[in-house]
Amino acid sequence: MPLHIHDTLRREKRLFEPRDPNRVTLYVCGPTVYDYAHIGNARPPVVFDVLARLLRRQYGADKVLYARNVTDVDDKINQKAAREGVPIGEVTARYEAAYLADMALLNVSPPDLAPHVTDYIPAIVDQIQAIIDAGCAYAAEGHVLFDVSAYPSYGALSGRNLDDMIAGARVEVAPYKKNPHDFVLWKPSKPDEPAWPSPWGEGRPGWHIECSAMIEQTLGLPIDIHGGGVDLAFPHHENEIAQGVCAHGCAHAENAHDHYARYWMHNGFLTVDAEKMSKSIGNVLLLHDLVQSMPGEVVRWALLSAHYRQPLDWNQGLLEQSRKNLDRLYGVLRDADAALADFDPATLDEAELELAENALDPVLDALEDDLNTPGAIAQLFGLANALRDLLNDGEADINDVAMARWSLKEAAGLLGVLSLTPDAWFEGGDPALKAEVEALLEQRAAARAAKDWPEADRIRDRLNALNVVVMDGPDGATWRVKG
RNA sequence: GGCCUGAUGGCGGAGCGGUUACGCAGCGGAUUGCAAAUCCGUGUAGCCCGGUUCGACUCCGGGUCAGGCCUCCA
């Protein structure tokens with residue numbers, strides 16, 4: 001089944017057809033680097049990382065161009081820098097570095113492009129000028145404002161019309177706006193704020209223009225897929241469309257919005273213990289903290305355990321279950337690796353490799369159905385169970401085991417999980433602990449050989465105190481840290 | 001007020017007009033010095049009211065409830 005994507009704008013699942021299969025373009029709104037990312041911020045990069053993996057598999061790694069911007073101009077950044085008394089660049093560099101490090105722990109592949117707003121000011125100024133020249137924006141009191149009345153399709157993405165919004169408006173309107181929903185493209189900076197020269201005076205870009213300008217500059221319009229969180233659909237993405245379309249004089253074109261992006265994908269919100277994350281409730285969970293206390297794959301698995309458009313509740317149960325799911329898969333992998341210790345992969349022939357490849361189909365089918373990651377996970381268990389059956393079958397052909405193991409790893413790679421060795425997963429990656437545990441296991445092996453069960457159990461208790469579970473097997477004991 | 005989602009077994013969570021989702025947990029058993037892992041077996045669903053249909057968890061209408069956006073939050 002070819003890839004289908006639920007398009008927010010058309011509100012239906014559509015067959016994905018790139019504009020150019022040799023150059024598939026994907027843009028996702030990235031972080032504003034003024035603080036550590038919270039767990040909700042991690043959902044889009046993980047979800048769209050899976051999409052990027054899928055696209056690369058289908059169109060070729062070098063045919064996909066994935067851009068995720070870094071917003072390094074923002075009032076919150078200015079406030080943070082002012083409060084700390086440091087230059088703005090110090091704040092943005094610090095949090096961008098933390099963001100990238102945390103993303104790496106989640107096994108998120110770096111996007112092909114990570115444009116920074118500060119590197120694209122000329123492109124932004126050019127696009128604003130083009131919008132003015134098209135008659136869709138006006139300068140007023142040092143600001144440049146987009147004139148929503150000049151773009152008839154305004155509201156197509158979020159399903160609103162201007163009349164309804166005016167009726168429901170409860171925000172005070174700036175006096176220089178012609179229409180309450182006109183929004184800022186460029187705004188003047190105070191002396192202590194970052195500023196760049198422009199035809200309208202020293203200032204800085206508004207919130208929405210950065211994305212449309214960087215998209216045009218780096219990917220070219222229209223792009224294939226634009227992604228982000230649902231909350232960005234309005235006003236951010238709505239405004240991006242208006243800017244991108246109008247900068248190209250397409251304000252009155254039929255299906256004008258198609259001149260900006262061909263498919264829109266929005267991930268659902270994340271709650272914490274069934275409540276919205278908010279600073280007033282005090283339940284904001286920082287990704288940076290989470291990845292200190294648990295493997296990144298657990299976080300990643302949890303984020304992928306629900307369909308991306310569904311809401312996801314972040315809670316202890318979800319994390320425990322994610323951990324257990326991964327334990328199960330890594331357990332099969334560990335046993336398979338033991339069975340394949342002396343196996344030479346070169347003995348697999350073409351036909352066998354093709355069979356192993358075909359085994360991925362159920363997983364691909366799920367992902368191609370609007371990125372159904374829970375479905376893909378179910379199929380991953382199918383592959384793991386098939387591998388387990390082979391391992392339990394004394395008669396099984398070792399080549400079949402190797403093929404099944406390959407399929408499982410490959411499928412997991414599409415989701416970006418099972419990237420560690422089973423030992424690294426179970427042993428937790430702490431060399432000091434590993435040395436201590438192995439010393440104790442040697443003593444215990446001696447005690448067991450002498451059938452000194454009380455001593456063996458005393459050692460098990462000591463290991464237990466180290467948060468370690470011992471598993472006695474026919475070839476000696478293996479161990480794992482408890483979840 | 002406007003717009004938009006969703007409601008599935010003890011829990012998480014999918015697909016599907018008729019056939020086991022999947023995982024976790026539970027229960028019974030096998031195996032095990034103990035334990036873990038593994039294996040076998042097993043129970044539990046589809047918010048409410050109508051309609052369409054031979055047949056609906058799945059389609060349609062109405063209701064109830066929950067959540068989101070309309071405030072430079074992913």
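A note on names: the letters A, B, ... follow the listed sequences, proteins ahead of strands, and every chain is numbered from 1.
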Would you tabulate the nitrogen or oxygen pairs shorter than 3.5 Å linking the protein to nucleotides 19-23 of chain B?
| from | atom 1 | to | atom 2 | distance (Å) |
| --- | --- | --- | --- | --- |
| B/G23 | OP1 | A/N385 | ND2 | 3.2 |
| B/G23 | O3' | A/R328 | NH1 | 3.3 |
| B/G23 | O2' | A/N325 | OD1 | 3.4 |
| B/G23 | O2' | A/N325 | ND2 | 2.1 |
| B/G23 | N2 | A/Q321 | OE1 | 3.1 |
| B/G23 | N2 | A/Q321 | NE2 | 2.9 |

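For A/R448, the listed nucleotide lying nearest its side chain is B/G33; candidates were B/C73, B/G33, B/A14. Considering only side-chain atoms of A/R160, the nucleotide from B/C34, B/A36, B/G2 that sits closest is B/G2. The side chain of A/N267 approaches B/A74 more closely than any other nucleotide in the set B/C39, B/A74, B/G13. Closest to the side chain of A/W207, from the set B/C72, B/C69, B/G33, is B/C72. Counting only heavy atoms from C-beta on, A/R388 has its side chain closest to B/U38 among B/U38, B/A36, B/C72. Listed candidates were B/A74, B/G68, B/G13. Nearest to the side chain of A/K276 is B/G68. The A/H307 side chain lies nearest to B/A14 when the options are B/C73, B/C39, B/A14. Nearest to the side chain of A/R460, among B/C34, B/A74, B/G6, sits B/C34. Proximity note for A/Q310 (side chain, C-beta onward) versus B/U38, B/C73, B/G6: the nearest is B/G6.
Ring geometry for A/F381 versus A/W301: interplanar angle over 60°, hence perpendicular rather than tilted (30 to 60°).
Here the P atom of nucleotide B/A74 and the CG atom of A/L304 are 19 Å apart, to the nearest Å. Atom P of nucleotide B/C4 and atom CG of A/L157 are separated by 13 Å, given to the nearest angstrom.
B/A74 has its base stacked against the ring of A/F269, the centroids being under 5.5 angstrom apart at an interplanar angle below 30°.
Under 3.5 Å, the side chain of A/D472 and the base of B/C34 form at least one donor-acceptor pair of N or O atoms.
A/R334 forms a cation-pi arrangement with A/F426, by the criterion of a distance under 6.0 Å to the ring centre and an angle within 45° of the ring axis.
An OP1 or OP2 oxygen of B/C34 is reached within less than 4.0 angstrom by no side-chain nitrogen or oxygen of A/K451.
Helical stems involving RNA chain B, defined as 3 or more consecutive Watson-Crick or G-U pairs under 3.5 Å, span B:1-7 with B:64-70, B:10-12 with B:22-24, B:26-30 with B:38-42, B:47-51 with B:59-63.
Listed here is the closest heavy atom pair of A/L387 and A/V401: CD1-O, 3.7 Å.
A distance of about 15 Å separates the P atoms of B/A7 and B/C57, rounded to the whole Å.
In this structure, the side chains of A/N41 and A/Y36 stay at 4.5 Å or more apart for every pair of heavy atoms.
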